[in-house]
Each structure stands twice: as structure tokens, then as C-alpha cells.
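Just so you know, these numbers come straight off a predicted model, no measurement behind them. Chain A is the first sequence line, chain B the second, and so forth, proteins listed ahead of strands; every chain is numbered from 1.
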Amino acid sequence: MKPRVRFAPSPTGYLHIGGARTALFNWLYARHTGGTFVLRIEDTDAARNSQAAVDVILDGLRWLGLDWDEGPLTGDATGPSNGDRGPYFQSQRRENYQRRVEALLSRGLAYEHEGAIKFKMQREPILIPDLVVGEVLRKLTDREEVDPDFVIVRSDGQPVFHLVNVVDDLEMGITHVIRGEDHLSNTAKHIALFNAFGVKPPHYAHIPLILNGDGSKMSKRDQGASLASYLDNGFLPEAVINFLCLLGWSPKENREKLSLAETIERFDLPQILRHNARFDYEKLVWLQGEYARELSGDRFYECAVHAFGKTGLDTNKFPLEYVKAALDTCKGKIKMFSELPAYAGFYFKDEIVYEPEAAKKSFIPENKPRLEKLRDAFSRLEKFDAAGIETALKATAAELGVKVGALVHPVRLATTGNPNGPSLYHLLEVLGKDKSQARIEKAIAALS
RNA sequence: GACCCUAUGGUCUAGCGGUUAGGACACCUCCCUUUCACGGAGGUAGCCCGGGUUCGAUUCCCGGUAGGGUCGCCA
């Protein structure tokens, strides 16, 4: 029997990075085993549910590329869906729960208490077989010793999480429950419920949680807790996926960067770690750089234009060829697209601002005649291309008896305003002879 | 308070009784080089503590400590 796994988020208005990883692990397991990945929306708490909140989840999963075989097609609870085990919104499954509760009631396994319905929980410790953690013997806590029974239907008629979660897993034929370790203790309740329904519980695999970089627990308000923040900050989904895989799972063989295909092939439950992992932002950025470097020209262009747009700089005012050529000089140099406006903004601005520290170093009196000589050399160039520029610059340096750096630094500053950036020869070519010379001229004037 | 899980450099991790404890990020040094980045070569840094078991423990067991989770008419 092929595995059937599910991701069952509650639409709270955002998708937690830990939830995204849970979805990822489920998805990977389904793809690795040829099983089915089900998406179920746990919207029993009507008060805080909305279609927009569901869309956040769907959009997040789609951005990561985690496609679901069964589940909703839109955020509309009554809308279309894939799969024949629906509905996939808990708000649409009231009758299922009612039927199950009545069955428990009629068999004396549940009872009414102050308007609510409580499940008669067993008093003995429950053994939880877990594919990741091993066998866990869950004993009763002191409070549970007093009263182990728990509410499955509220006094207002709303069924409670433990009940609906189990009923849905049961009726949707879920074989493996892969979820956060925060559910481990509660699993005793779920197993008891399955037993009460006379059904063998699914296999459980509780995965470790993701903690903040400082080791504290990651709550909704923490930086980077929301998956959407990675999209907003210009991260590539493949980098986020790769990074998330490395948190709590190891591909072994000292591998770090893995394609999705390789990950699917290697992923399995036994290699999942048992301890929580801290979120290492620096390593994510490194992976981002790795993937950004090998992006196709088109995608690099799209991401870059988006990044410029966010700072209010509209590259559409420039010829497409110019923009593409400009961005080509940045490829492989930056990790985050958010660096781009500062890194390459000089291509698209009329007025450039000199970085003060660099100006102090490069805009010194002795560099004035050097820049003038270089300007003259450039003016004699028929073809203002990288090779010609390089030759001219090096020849000028030789004539002056200075190192090329003595010319490179002031020219870079004059034309870009920055002490570093893309290859000087290439950026000058892209900038063009007129703009380059005008900027050099301006710097010379500033040196007077 | 009770119950459950966990513990290798700052971080992510390999390790599954005998290893010079390996890799990656970050950091430092040097090389390459038009800057930066990339790439290359080095470097600093680790088995939480205490008992056992064993000829021998990072590895197995117990305890402690620390971190995380759960005990809701939240999910």
C-alpha cells in the first residue's frame, strides 16, 4: 500500500517556517515513496478563518513548489478540489464528526459533561511507536491522573482538534502522520481515539522543531517566522527548500547543496534528527548565493527588476538591452537581490553619490592628472568595449608609472560612487562612453 | 507541578565501543585578481556534567543540568 501523508495547517493568516518544513517533509516522503500528499485545511475555528488566510497557505506551498495530490484548488472552503476523500476543509465535514461522536456516545466511550462531550480516556500509559523518536511510553501527568478525559465537542457544538484530526486522518486513509514534535505528547490521545473507533492508528513520525538562532522558541512574531517574509526579502524558493531540508535531516556523505531530485531520492524518515535545530540565517544566505549564481539570465533579470522596483527605481525607463547588460555584470557577484540597488544602482541614476570613505582615499590631488590622462586615452577609443578599455587603462597606468589599481579605484568611484562593484571594464562598457566620460569629467572637476 | 523529547566547535551536521572526531556556514590568514564576489591553500574552535558497564567510552546504562514540547470547551 502506497503511503498517504498530509499537511493539515490551520489558516491563521500566515504560514510558519516550521509548518512549511513539515509540509516539505511530508511532500518529500510522498514523492520518495510514490505516495500521495494530501492538503487538508483545519478551519474548525471559524472565528479566525478566512479565504485570504487559506490563500496564504496555498500561495506559500505553491511558491515552494510543494504540489498536493489531493486537496483544495482555491481558498474557498466550498470551492473545487482534487481527490475523492474530501471535503478537504474541516468546516465542511461536520456530519462526519457528528456521526463519529454519536458512535462513541452510543458505545459509552464518550459522555456529556456540562454541555460538552468528553472522551473517556484510558488511565493506563500509552505506548507511542514513532518512526523518528522510537517507542515513547506516555504516562499520565498529575492533572490527567485526576481526570484524563478530554473534550471532543465544545458546548457550542464545535468539534475539537483532537477529534477532527483523528477522524479526518482515519477517513482520508492517512498512513503516516509526519508532524512537529509539539504533537508528540498529544499522540496518546489520538491513539486512544483510533482504538475507540476500532481502527489501527497510522504510523507516526514526529520531527524536531525549528528554534530561533539564539535557541529560543520561534513564535509568530519572531523575525523570519513567516514563510512569506522569505519571498518578500527576495529569497529563491530552491534555496529555502534546500536550507529547510538541512534542518533536522541529513543527506549524509557531507552533502550540503542538493537538487530537489537528489533530495527526493535520498529523503527518508530514519535520517531525521531527533533534536531541535536553530535557524542559521547566514547559511540560508550562503545557499541563496549559490542558487542566485546559477540562475538563468531570465530569472535573474526578473528577480533583479523586482528588487529595483521595491526601492522605487523603475528599470523600464531604460532600454531592455541596457538593463540586461547591466545585470549581467552583477550575476555571480551578489547573494541577495536586495543588495542590487546599492550595488548596481549607478547604472540607472543620473546623479551618483560618492561613498565618503572611498572618496577620501581616491579623490586625492595627485589623482586629478591621472584621471585626465585616462579620460584622454578613453576619448581616443574607437570602440568603447571592455577589452579596449582594459588595454587603454593599463597602457595609461604604464605611461604614468603607476599600478593599475591607482587608476582603477578612482575611476570606479567616479563612475559608480562605490569602492567596489562589478568588473570595472565591463561596467564602463555597459555604461557607455558618453556617460562614463561625463562622470570622469565630473570627478575631475570635483578634484579641483 | 507532572509527563514527554533532546544534548558533537558560535550554527547546521557526519559518527553508531578503539577515529589525528570528518564536512558545511560564519570567522581569521595567505594566494589569485581591476574592486568585490568566486575559486584555491591554511587556521582558530567541539563530544554538557557526574557516576557506572567495558581492556577501552563521543558512542551503551543511570542520575544531574540545560533547552524544547505537552498537560485547553486553541490548532
Asker: Just name whichever nucleotide pairs with rU58(B), Watson-Crick or G-U, keeping both distances under 3.5 Å, else none.
Answerer: none
Asker: Return the pairing partner of rU35(B) with a 3.5 Å limit on both distances, Watson-Crick or G-U wobble; otherwise return none.
Answerer: none
Asker: In this structure, how many angstroms lie between the P atom of rC74(B) and the CZ atom of Phe150(A), rounded?
Answerer: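 In whole Å, rC74(B) P lies 14 Å from Phe150(A) CZ.
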Asker: Measure the distance from CD on Glu181(A) to C1' on rG67(B) and round it to the nearest whole Å.
Answerer: 11 Å
Asker: Considering residues at least two apart in sequence or located in another chain, which fulfil the side chain to side chain contact (heavy atoms under 4.5 Å, CB included) criterion with Glu112(A)?
Answerer: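 Side chain to side chain contact (heavy atoms under 4.5 Å, CB included) check on Glu112(A) returns Ile117(A).
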Asker: Starting at atom CG of Leu140(A), determine the distance to atom C1' of rC3(B), rounded to an integer number of angstrom.
Answerer: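 Roughly 9 Å, once rounded to whole Å.
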Asker: Report the base-pairing partner of rC16(B) (Watson-Crick or G-U wobble, both distances below 3.5 angstrom), or none.
Answerer: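 Pairing partner, where one exists within any strand: none, as none qualifies.
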Asker: Donor-acceptor pairs under 3.5 Å, side chain of residues 201-208 of chain A to any protein atom, not counting sequence neighbours: which ones?
Answerer:
from      : atom 1 : to        : atom 2 : distance (Å)
His206(A) : ND1    : Asp130(A) : OD2    : 2.6
His206(A) : NE2    : Arg179(A) : NH1    : 3.3
His206(A) : NE2    : Thr187(A) : OG1    : 3.1

Asker: Calculate the interatomic distance between His162(A) atom NE2 and rC73(B) atom P; express it in whole Å.
Answerer: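 So the two atoms are 9 Å apart, to the nearest Å.
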Asker: What nucleic acid atoms does Leu273(A) come within less than 4.0 Å of, heavy atoms only: base, sugar-phosphate, or nothing?
Answerer: sugar-phosphate
Asker: Whole angstroms only, please: what is the CG-P distance between Asn254(A) and rU13(B)?
Answerer: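 Those two atoms, CG and P, are 14 Å apart.
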Asker: Using Watson-Crick or G-U wobble geometry with both distances under 3.5 Å, which nucleotide pairs with rU11(B)?
Answerer: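 Its partner is rA24(B) (Watson-Crick or G-U wobble, both distances under 3.5 Å).
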Asker: CG of Leu258(A) versus P of rG23(B): gap in Å, rounded?
Answerer: 18 Å
Asker: CZ of Arg6(A) versus P of rA75(B): gap in Å, rounded?
Answerer: 14 Å
Asker: Counting Watson-Crick and G-U wobble pairs only, both distances under 3.5 Å, name the nucleotide matched with rA2(B), or none.
Answerer: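 Base-paired to rU70(B).
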Asker: Suppose we define a pair by two distances each less than 3.5 Å, Watson-Crick or G-U wobble; what does rC30(B) pair with here?
Answerer: rG40(B)
Asker: Nearest whole angstrom, please: distance from the C1' of rC74(B) to the CD of Gln158(A).
Answerer: 12 Å
Asker: So that I can tick it off, tell me whether Lys118(A) and Asp147(A) are bridged by a salt bridge, with the cut-off set at under 4.0 angstrom between side-chain N and carboxylate O.
Answerer: yes
Asker: Do Lys189(A) and Phe150(A) meet the cation-pi criteria used here (NZ or CZ under 6.0 Å from the six-membered ring centre, within 45° of the axis)?
Answerer: yes
Asker: Provide the Watson-Crick or G-U wobble partner of rA75(B), both distances under 3.5 Å; none if there is no partner.
Answerer: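 With both distances under 3.5 Å required, rA75(B) matches none.
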Asker: Between protein and nucleotides 26-45 of chain B, map the contacts as a letter string: B base, S sugar-phosphate only, - none, heavy atoms under 4.0 Å, written 5' to 3'.
Answerer: --------BBBSS-------
